[in-house]
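For ligands, and for the atoms within them, numbers begin at 1 and follow the listed sequence. Everything numeric here is computed off the predicted structure, so don't read it as measured data. These numbers come from the heavy atoms of this one structure, side chains and all, not from hydrogens, waters or symmetry mates.
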Amino acid sequence: MSRNADISVIIPAKDEEQSIPELGAWIDRVMKANGYTYEVIFIDDGSTDRTWDAMLALHESNPSFKAIRFNRNFGKSAALHTGFRAAQGEVVITMDADLQDSPDEIPGLYKMIREDGFHLVSGWKRKRHDPISKTLPSRFFNAVTRRISGIRLHDFNCGLKAYSRVVVKSITVYGEMHRYIPVLAKWAGFTRIGEKVVEHRERKYGVSKFGWERFVRGFLDLLTITFVGRFARRPMHFFGSWGLVSFLAGFFFTAKILWDKLDSVYFSRIPLKRDVTDQPIFYLALVAVILGVQLFLTGFLAEMITRQSISKKDYLVIERAGLEEKVAIEASR
Ligand code: UDP
Ligand code: MG
């Protein structure tokens, strides 16, 4: 096979039939003007309009345009994930299909990956053409994500991003995690994360595909991602420690109850003011012990599952000495 293309452009699209032809022609112009070899991978995410036909028409006119079609709508993350698996280019660029991202940004992004050595470069829509109901919550989101992840980006959820190929091959984007790809990349060990101010344009055709529920889901996903990043490979450290704390608290409460009871019955002979079951501490002891055992068991089960599911993608071998590639990769499984 000939050498890999310079650039793979991945474009998820749901009901964007009007934008596809224009976007395709524009990308082709930019690539030719800069002398890049490229492939464009469209993912039709269960469109109900003629998006797929538009993709096929492009493919027939130019085989650098490729397309994948889902049988139903699986969401932007699923589309990106599928595109990432298929991409062959040295640099992988994602962009939205609605012409809000400009293909003119491609050369700048490409250079930041190839020449400046970034693992990932995220676009920053400094001047956004979106309603305030979207830009305001998004500022809040970005601030929280910056805090939690420690990544200094202004615009985590920008659809226009560039990656070195190894990055997209080693992350799994699912659910609605496309908002946090830089965080996923960081957890996977790709820390050279850059940012580039990009032009953001008005949506020319069609309507936005994301409503208010993006904020609720986005927040839950942020919790997941933080948790998974820190404890997915060692769940016992999380559940086990809290389980231990809870269990010990319960143990001391129980000891105290027992001691008071024994004391009143055998030593001081002063009857308890209240029955054991009338004391609040009795219920605290009960809950703490049960909770402790539950947490401990959860950690234990999670640990067993983790042992089974550590997959070949979890450890990335980037260099070897004295071992053939196949052997080194096998060893890391
Ligand atoms: N998209 C998708 N699947 C979905 C929702 C959106 O592939 O379930 C695509 C959509 O076609 C567009 C991109 O994701 O190319 C960004 O969506 P949109 O422009 O609606 O988001 P917004 O710009 O409003 O944040
Ligand atoms: Mg858009």
Side-chain angles (χ1 to χ4, degrees), residues 8-27 40-55 58 65-87 92-103 105-106 122-142 145 153-162 168 173-182 198-219 221:
S8 294
V9 185
I10 296 177
I11 308 179
K14 160 112 175 65
D15 298 337
E16 312 278 5
E17 60 177 355
Q18 286 159 300
S19 311
I20 302 281
E22 231 173 283
L23 184 64
W26 190 356
I27 292 174
V40 173
I41 302 176
F42 286 108
I43 294 95
D44 178 357
D45 183 16
S47 298
T48 50
D49 64 0
R50 297 171 60 83
T51 294
W52 179 247
D53 297 332
M55 293 174 177
L58 274 177
F65 289 93
K66 303 163 187 177
I68 295 172
R69 185 185 197 181
F70 286 163
N71 69 332
R72 70 164 176 88
N73 178 244
F74 283 103
K76 191 175 175 184
S77 289
L80 287 175
H81 181 78
T82 306
F84 285 164
R85 294 285 86 88
V92 177
I93 292 180
T94 59
M95 63 166 65
D96 290 353
D98 54 4
L99 292 166
Q100 289 195 276
D101 301 327
S102 160
E105 306 286 355
I106 292 176
S122 181
W124 173 15
K125 302 164 286 194
R126 201 207 291 252
K127 188 170 176 339
R128 268 179 83 163
H129 296 273
D130 280 322
I132 185 139
S133 60
K134 205 146 129 187
T135 52
L136 209 65
S138 147
R139 287 180 85 100
F140 166 76
F141 244 101
N142 281 309
T145 314
L153 287 180
H154 292 89
D155 190 3
F156 281 85
N157 189 19
C158 184
L160 183 55
K161 286 188 172 61
V168 307
V173 191
Y174 65 96
E176 305 221 345
M177 296 293 180
H178 59 267
R179 299 198 179 86
Y180 302 108
I181 298 182
V198 295
E199 184 200 357
H200 188 235
R201 300 147 51 87
E202 302 261 5
R203 200 180 231 286
K204 199 163 164 187
Y205 309 106
V207 291
S208 172
K209 308 299 179 304
F210 294 102
W212 59 270
E213 69 298 337
R214 69 164 79 207
F215 303 116
V216 181
R217 295 184 188 166
F219 185 69
D221 284 343

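Near ligand 1, heavy-atom contacts under 4.0 Å come from Pro12, Ala13, Lys14, Glu16, Asp45, Asn73, Gly75, Lys76, Asp96, Ala97, Asp98, Gln100, Lys134, Arg203, Ser208, Lys209, Phe210, Arg214.
Nearest approach of Asp101 to Gly159, heavy atoms of both residues: OD2-C, 3.9 Å. The nearest pair of heavy atoms linking Phe215 to Pro137 is CE2-CB, 3.3 Å.
Under a cut-off of 6.0 angstrom, the local environment of CZ in Phe219 is sparse, with at most 12 non-hydrogen atoms contributed by other residues, nucleotides or ligands. For Arg201, the CZ atom sits in a packed shell: over 12 heavy atoms of surrounding residues, nucleotides or ligands are nearer than 6.0 Å.
The side chain to side chain contact (heavy atoms under 4.5 Å, CB included) test with Met55 singles out one residue from Leu58, Asp53, Thr51, and that residue is Thr51.
Put simply, the side chain of Asn157 does not reach to within 4.5 Å of the side chain of Phe141, judged on heavy atoms. Residues Gln100 and Lys125 fail the side-chain proximity criterion, which asks for heavy atoms closer than 4.5 Å.
Note on ring orientation: taking the six-membered ring where Trp is involved, the planes of His178 and Phe210 are tilted (angle from 30° to 60°).
Between the side chains of Ser138 and Arg128, at least one donor N or O sits under 3.5 Å from an acceptor N or O.
The Mg ion (ligand 2) has Asp98 OD2, Gln100 OE1 as protein N, O or S atoms under 2.8 Å away.
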